[in-house]
Structure formats: C-alpha cells, structure tokens
Novice: 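Submitted below is the structure of interest, expressed as structure tokens.
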Amino acid sequence: GDSVTQMEGPVTLSEEAFLTINCTYTATGYPSLFWYVQYPGEGLQLLLKATKADDKGSNKGFEATYRKETTSFHLEKGSVQVSDSAVYFCALTANTGGFKTIFGAGTRLFVKA
Amino acid sequence: NAGVTQTPKFQVLKTGQSMTLQCAQDMNHNSMYWYRQDPGMGLRLIYYSASEGTTDKGEVPNGYNVSRLNKREFSLRLESAAPSQTSVYFCASSEGASRGGYTFGSGTRLTVV
C-alpha cells in the first residue's frame, strides 16, 4: 500500500543554517504531495504542496520539489529561524481514493539562537 | 476566524465511559475527517465523510462511531473508552477530495485512565 517515510528527528540546527528534511514515498500513479507543520499545542497547518512531477511547492521560505524518478519530496529552507522550531509532516494523497491522506511519522526541528 | 473548531480541548475519561468529540467548520467544505495522533506514528485516519450524508471507515475505526450532522459538523463518539484510545484527536476538512490539502482543528487531548 501507499506509504511515506521521512527522516527521524530530532533535527537540531543553529539559526541561519540550511535545512533539509528528507521524505520519500511509495504510491501508484501520481499522488499529490504535501508538507504540514505543527507548532506546540496546535493542529497541523498546510505548509506547501505539489500535485505533479517536477512541481515545486514553496511558502515562507520553504521549498520542496516533486521528484518522480526518486519518489522524493524533500523539504528545504536556506536560513532557518528560531520560530521555525516545530514538527514537520510529509504526506501524500493518492490520485485514486482521494479522501485518504497518508502521513509520515513527523520530524521535530529545534533551532537554537 | 474561519476554520475548524474542536471541543473540548482536553478530556480525562475513566475506562468504560463514553463521550463525543465535536467538530465544526465554517469554510463550506464538503469533506471532513477524524485523525488520531500518537507519538512516533504520525496521524492515522479513523473515519471520514466525503460529503454530507456519507461516512466511511479509515485505517483505525474500531471503538469509534461518527455522525455527519450537517455540512458543518462531524462528531466522533467513543462508546466505551479504553486506555488504548488515549491520544490527541484532530478533525480536518477539505473542499473536496483531499488532493488540495486539509485545514485542521487545534485538537482534543484525551486521556483514558
């Protein structure tokens, strides 16, 4: 079945460092791919999405490119801030049965001042 | 503010008690979902409602029931709570099939003792 695998955390970075959080997926066809962010005590918020191969989703300085050949959707940011400390979830929705989204386990990011 | 509202935010139950988690959205979304979040496991779909008047099981439906009361409201009921149902519960909604991403509520933290 469909699945999402993302790198285990926690990831600890200093402010202004480069961030990469790896995400790979298994799915048939062309799923839609998402990154969500969860701040402490809150629900998940949609950060960015991509719906077809080679699409790049971007928001708030974060980017991720839909790579069909490597089945990946890695999250990147050029310069992290303390306020980016949160848990990040990679997710996919298959292009069949489109009411079920599969989430990765989440990666916790700590950014130190 | 527009969005998804969940009540209550916190609840402690004794084993065998029942309760209903409430969810309402004011974005005129057709589809609504209930997820549970457990440490290291990401989010798992309990039930969803593709449109008003329909409900379907997700990945972990045992021990739960749902009601799509109208287009705005989607409730989750635990008939006889068990310690294994200790979790954080999130309601979400989407305009249609979830390829566009979800809007999440802020969650209900439930402890069953």
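Predicted, not measured: the structure shown is a model, and the values here were computed from it. Every heavy atom of this structure was used, including side-chain atoms; hydrogens, water molecules and symmetry mates were not. Chain naming here is simple, since letters A, B, ... match the order of the sequence lines and numbering starts at 1 in each.
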Novice: Less than 4.5 Å to any heavy atom of chain A: does that hold for the side chain of B/Gln37, its backbone, both, or neither?
Specialist: side chain

Novice: Report, as yes or no, whether the 6.0 Å neighbourhood of atom CD on A/Glu76 holds more than 12 heavy atoms from other residues, nucleotides or ligands.
Specialist: yes

Novice: Would you mind listing the cluster partners of B/Val112? Hydrophobic ones only (ILVMFWY), side-chain contacts under 4.5 Å, chaining allowed.
Specialist: B/Leu13, B/Met19, B/Leu21, B/Met32, B/Trp34, B/Ile46, B/Tyr47, B/Val60, B/Tyr64, B/Val66, B/Phe74, B/Leu76, B/Leu78, B/Tyr89, B/Leu110

Novice: Step by step, would you call A/Leu44 with B/Tyr35 a side-chain contact (heavy atoms from CB on, under 4.5 Å)?
Specialist: CA-CA 11 Å; A/Leu44 281 70; B/Tyr35 280 88; over 6 Å; no

Novice: Hey, is CZ on B/Arg109 packed in by over 12 heavy atoms from elsewhere, all under 6.0 Å?
Specialist: no

Novice: Same cluster or not: B/Leu45 versus B/Val4, using hydrophobic residues (I, L, V, M, F, W, Y) connected whenever any side-chain heavy atoms lie under 4.5 Å apart?
Specialist: no

Novice: Taking B/Tyr102's backbone N and O only, do any of them form a donor-acceptor pair with A/Tyr36's side chain (distance below 3.5 Å, no angle check)?
Specialist: yes

Novice: Report which part of A/Gln6 has an atom under 4.5 Å of a heavy atom belonging to chain B: side chain, backbone, both, or neither.
Specialist: neither

Novice: Between A/Gln38 and B/Phe90, which heavy-atom pair has the shortest distance, and what is it?
Specialist: NE2-CZ, 3.3 Å

Novice: Check whether A/Tyr39 and A/Leu13 end up in the same hydrophobic cluster, where Ile, Leu, Val, Met, Phe, Trp and Tyr are linked by side-chain heavy atoms less than 4.5 Å apart.
Specialist: yes

